[in-house]
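Step one of this worksheet: look at the structure below.
No hydrogens, no waters, no symmetry mates; every other heavy atom, side chains included, goes into these values. Quick note on labels: first sequence line is chain A, next is B, and so on, each numbered from 1.
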Protein chains: 2
Amino acid sequence: MPARASSKTSEASDKVSVICRALRRAIIEQALEPGAKLPEDALGERFGVSRTIARHALGQLAAEGLVELRRNRIAVVATPSWQEARDAFDIRIELERLVVRQLAGKLTRAQIAELNAHVDAEDRARGGTDAVSIRLATEFHILLAHMTNSPILVRYVSEVAYRCCLTLSLYSRPHSTECAINEHRAIIAALAKGDEAKVMELMHHHLDSVANRALVAPTPQRGRDLLDILAPYADEVTSDRVVKLPKIARRG
Amino acid sequence: MPARASSKTSEASDKVSVICRALRRAIIEQALEPGAKLPEDALGERFGVSRTIARHALGQLAAEGLVELRRNRIAVVATPSWQEARDAFDIRIELERLVVRQLAGKLTRAQIAELNAHVDAEDRARGGTDAVSIRLATEFHILLAHMTNSPILVRYVSEVAYRCCLTLSLYSRPHSTECAINEHRAIIAALAKGDEAKVMELMHHHLDSVANRALVAPTPQRGRDLLDILAPYADEVTSDRVVKLPKIARRG
DNA sequence: GGACATCGAACTGCATGCAATTCGGGCGCT
DNA sequence: AGCGCCCGAATTGCATGCAGTTCGATGTCC
């Protein structure tokens with residue numbers, strides 16, 4: 001039997017929403033790297049809308065944490081710190097445990113088939129680029145969330161999964177997606193079997209290992225802002241004698 | 001010792017942010033009831049800004065789930081369904097268990113004092129209106145989240161707590177806040193003692209009982225839209241013979 | 001009395017324009 | 001060369017204006 005009566009949870013077809021979706025996808029596929037500039041004019045021109053709309057879209061994405069917005073400054077793709085990335089994964093683990101807890105033993109045959117089809121797609125994409133693999137893996141989790149029919153859960157899982165995606169492009173070493181795919185299959189099996197405890201454990205382990213593979217160590221440097229890197233050392237500077245830093249390594 | 005090095009996590013001082021904060025507070029204090037209309041013009045005039053800014057603020061609040069935005073229609077304060085309210089509480093329980101798990105045994109004396117001071121304030125407000133009590137109780141949880149120094153966790157806990165607040169004004173019977181205050185004190189004590197398992201259990205029970213006190217039963221009706229109420233019955237109507245409803249009970 | 005059509009007011013969707021701020025390259029100085 | 005300054009171009013912050021849609025009161029007919 002289905003987990004709950006179905007209902008549509010799709011996003012509106014506003015121009016704003018269209019731009020949001022496009023940017024979101026570009027970001028998680030790493031077409032837009034963390035730190036990439038997103039000027040309102042350029043976005044507006046690219047999508048055939050006015051700056052007002054582009055601006056609104058950036059506001060939405062900033063609310064989701066995918067974009068960083070500072071007053072009077074060009075918006076940039078978010079560059080989460082290592083700690084923020086770890087926090088995001090911790091939250092994600094709890095949320096997705098909740099997802100599979102609600103879903104265990106309550107999926108229809110059609111839903112299980114849909115999940116399997118998705119993992120098949122992941123399998124086929126193994127030869128392609130990392131970006132596509134990562135996107136598909138993320139979408140598997142979002143697909144699961146959708147099946148709870150809880151719009152709020154869908155929103156939070158999606159957001160936090162996107163954020164995790166973002167961090168992968170910052171801190172990840174070239175990783176193998178194969179074991180992740182197998183873990184997806186195991187989760188589907190446990191869901192179908194209805195073993196609630198088992199599937200929660202599987203999901204926990206799955207996300208934890210993804211996080212550990214990705215967030216190898218607090219080795220930022222790459223893509224980090226100089227000021228952030230030096231922040232821990234700032235306390236040692238007496239405030240009346242501020243060190244003027246030479247302008248090197250300033251990412252444009 | 002402190003849980004983590006402190007950092008500021010306050011919101012920007014944009015005009016948009018100011019309006020967001022004001023509306024958020026008005027909503028959770030029930031000055032604005034669910035379903036209340038929020039025309040862009042009126043907001044702009046009230047806050048001394050243009051419609052563009054008011055519109056942007058509404059977009060942000062919609063992203064947080066506090067406001068409902070439908071194309072070409074006046075924005076309204078969100079009216080969550082009973083099921084959505086239950087979902088929000090379920091998510092909240094997981095998130096706040098994570099909060100206290102991270103915090104157990106890691107609070108400074110100053111932080112514990114701050115928490116106690118807050119609960120004292122809750123105590124003093126017991127004679128006042130329900131709205132203020134609810135707001136203070138909610139802010140206790142947000143204060144806890146802040147102490148994790150995880151901006152992401154703060155954001156999610158805040159959002160979901162506000163949403164829960166919103167549902168209280170919809171489905172809650174006149175409730176007693178006293179036991180909730182005692183539970184807050186118990187949580188502080190367990191945090192100070194560093195009993196991780198105990199505090200997670202306490203938080204779980206606390207939120208669950210708040211939810212159960214509030215969400216007494218699937219008894220919508222009040223403040224619900226007629227169409228939503230009748231949605232479950234819609235399946236029984238053949239689509240070529242749509243029943244035209246008389247225009248009653250249309251909330252303005 | 002109650003359902004329906006109609007029309008003006010109200011409101012939203014969006015683009016554009018102007019002021020204020022930031023960015024970045026070139027110039028002069030050491 | 002290296003560093004700081006300055007100024008024009010680029011960019012954001014915000015208000016306003018116009019077109020299209022919705023809302024609701026009124027009048028009309030049954």
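At a threshold of 4.5 Å between non-hydrogen side-chain atoms, the residues A:Q102 and A:L153 count as touching. No side-chain heavy atom of B:E94 sits under 4.5 Å from any side-chain heavy atom of A:L95.
Atoms CG (A:L69) and P (D:dG13) sit 7 Å apart, rounded to a whole Å. Distance, B:F47 CZ to D:dC14 P: 15 Å, rounded to whole Å. When the P atom of D:dT11 is taken as reference, atom CD of A:E45 falls 11 Å away, rounded to whole Å.
Using a 4.0 Å cut-off between a side-chain N of Lys or Arg and a carboxylate O of Asp or Glu, A:E122 and A:R135 do not qualify as a salt bridge.
For the pair B:E84 (side chain) and B:S81 (backbone), a donor-acceptor distance under 3.5 Å is present. Using modelled atom types, one side-chain atom of A:R163 and one backbone atom of A:E64 make a donor-acceptor pair closer than 3.5 Å. No side-chain donor-acceptor contact under 3.5 Å links A:R92 to the backbone of A:D87.
The ring-ring contact (aromatic ring centres under 6.0 Å, His included) search around A:Y162 returns none, not counting sequence neighbours.
One finds a side-chain N or O of B:K37 lying less than 4.0 angstrom from the OP1 or OP2 phosphate oxygen of D:dG24.
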Provide a list of protein-nucleic acid N or O atom pairs under 3.5 angstrom, restricted to nucleotides 5-7 of chain C.
none

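Judged purely by distance below 3.5 Å, without hydrogens or angles, the side chains of A:H118 and A:E139 never pair a donor atom with an acceptor atom.
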Summary of protein contacts for nucleotides 9-14 of chain C, nucleotide by nucleotide, where a base hit scores B, a sugar-phosphate-only hit scores S (4.0 Å, heavy atoms): --SBBB
